[in-house]
Amino acid sequence: MKVCIGDLDQIVSIMQQTSTPDGFGGETVVWSEFAKVYAHVRAIRGSESEDRGAVRETRQYIFVIHRRSDLSGTMAIDWEGERYNIRNIKKPSPREQFMDVIVEYGVALD
């Protein structure tokens with residue numbers, strides 16, 4: 001599907017983990033906002049599974065954003081109050097204006 005600038009109608013936050021000393025020889029890891037960007041969001045798939053008697057839901061999406069070179073798979077995306085783990089960043093060709101970021105909800109964040 002071809003995306004144009006007007007299709008980027010959702011505001012999402014790209015999050016990254018930062019570590020700070022906890023004063024006891026360890027560190028505290030927190031998520032902080034790395035960037036706020038516009039995105040076009042497309043659902044890929046969703047599923048449910050049972051884990052120790054509890055139903056677990058997972059969903060995958062593609063977030064189409066302006067091309068960037070500073071994203072990594074250790075980051076996450078916050079959208080509509082939920083955090084999505086980045087699973088794959090499809091690097092665009094040199095002439096492409098946008099890039100696809102494949103994310104998953106309902107899994108442990110790396």
Side-chain angles (χ1 to χ4, degrees):
M1 175 180 164
K2 184 103 170 124
V3 174
C4 63
I5 192 75
D7 294 328
L8 278 61
D9 60 353
Q10 300 293 308
I11 298 175
V12 302
S13 294
I14 299 170
M15 308 295 288
Q16 71 177 1
Q17 289 183 339
T18 55
S19 301
T20 56
D22 65 5
F24 300 102
E27 58 184 28
T28 302
V29 178
V30 296
W31 287 94
S32 59
E33 187 175 77
F34 176 75
K36 194 170 284 238
V37 299
Y38 284 92
H40 173 71
V41 181
R42 289 194 314 252
I44 300 174
R45 73 177 66 92
S47 66
E48 288 183 347
S49 62
E50 187 177 335
D51 184 17
R52 293 178 223 144
V55 176
R56 186 176 141 217
E57 170 193 19
T58 58
R59 299 185 307 258
Q60 288 187 333
Y61 292 88
I62 296 176
F63 286 79
V64 181
I65 63 172
H66 279 279
R67 74 179 291 135
R68 306 178 62 106
S69 60
D70 56 356
L71 296 183
S72 77
T74 62
M75 295 176 168
I77 292 182
D78 279 3
W79 176 55
E80 295 188 341
E82 295 179 324
R83 182 150 302 153
Y84 295 82
N85 194 2
I86 293 178
R87 290 296 185 200
N88 189 326
I89 301 167
K90 291 189 171 184
K91 300 293 181 191
S93 70
R95 291 182 174 234
E96 290 180 295
Q97 182 179 5
F98 304 108
M99 63 191 295
D100 293 347
V101 180
I102 299 171
V103 301
E104 190 169 15
Y105 172 82
V107 295
L109 294 170
D110 299 331

Kindly compute the distance separating [atom1] ([X]) from [atom2] ([Y]), expressed to the nearest 0.5 Å.
X: S93; Y: M99; atom1: OG; atom2: CE; value: 11.5 Å
X: Q60; Y: N88; atom1: CD; atom2: CG; value: 10.0 Å
X: D100; Y: F63; atom1: CG; atom2: CZ; value: 12.0 Å

* Please lay out, stage by stage, how I44 and Y61 fare under the test side-chain contact (heavy atoms from CB on, under 4.5 Å). => CA-CA 5 Å; I44 300 174; Y61 292 88; 5.5 Å; no
Which pair of heavy atoms, one from [X] and one from [Y], lies closest together, and at what distance?
X: S32; Y: T18; result: OG-CG2, 3.5 Å
X: A39; Y: I65; result: CB-CG2, 3.7 Å
X: W79; Y: I11; result: CD1-O, 4.1 Å
X: H40; Y: D7; result: ND1-O, 3.2 Å
X: K91; Y: L71; result: NZ-O, 4.4 Å
X: E33; Y: S13; result: OE2-OG, 2.6 Å

Are any of the side-chain heavy atoms of [X] and [Y] separated by less than 4.5 Å?
X: I62; Y: V41; value: no
X: T20; Y: D22; value: no
X: P21; Y: E27; value: no
X: M75; Y: Q17; value: no
X: N85; Y: V103; value: no
X: R68; Y: V37; value: yes

* **Hydrophobic cluster membership, I14 vs V30, 4.5 Å side-chain cutoff** =>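 No, separate clusters.
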* Identify whether I5 and Y38 are in the same connected component of the hydrophobic contact network (ILVMFWY, side-chain heavy atoms under 4.5 Å). =>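 Yes; Y38 is reachable from I5 via cluster members.
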* **Criterion side-chain contact (heavy atoms from CB on, under 4.5 Å) on M15 and R83, from CA distance to verdict** => CA-CA 9 Å; M15 308 295 288; R83 182 150 302 153; 3.5 Å; yes
* To do: Mind running side-chain contact (heavy atoms from CB on, under 4.5 Å) on R42 and V3 for me, showing each step along the way?
  => CA-CA 11 Å; R42 289 194 314 252; V3 174; 4.0 Å; yes
* side-chain contact (heavy atoms from CB on, under 4.5 Å) between T58 and E104: does it pass, once the steps are laid out? -> CA-CA 7 Å; T58 58; E104 190 169 15; 4.0 Å; yes
* Asked: Mind checking whether Y105 and Y84 have parallel, tilted or perpendicular rings, split at 30° and 60°?
  ->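 The rings of Y105 and Y84 sit tilted, inter-plane angle from 30° to 60°.
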* Asked: Do Q16 and W31 have side-chain atoms, one donor and one acceptor, less than 3.5 Å apart?
  ->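 No.
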* Does a sphere of radius 6.0 Å around NZ in K90 hold more than 12 heavy atoms from other residues, nucleotides or ligands, not counting ones at 6.0 Å or beyond? ->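 Atom NZ in K90 is not crowded, with 12 or fewer foreign heavy atoms closer than 6.0 Å.
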* Can we call the ring centroids of F98 and H66 under 6.0 Å apart? ->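 Judged by ring-centre distance (under 6.0 Å), F98 and H66 do meet the cut-off.
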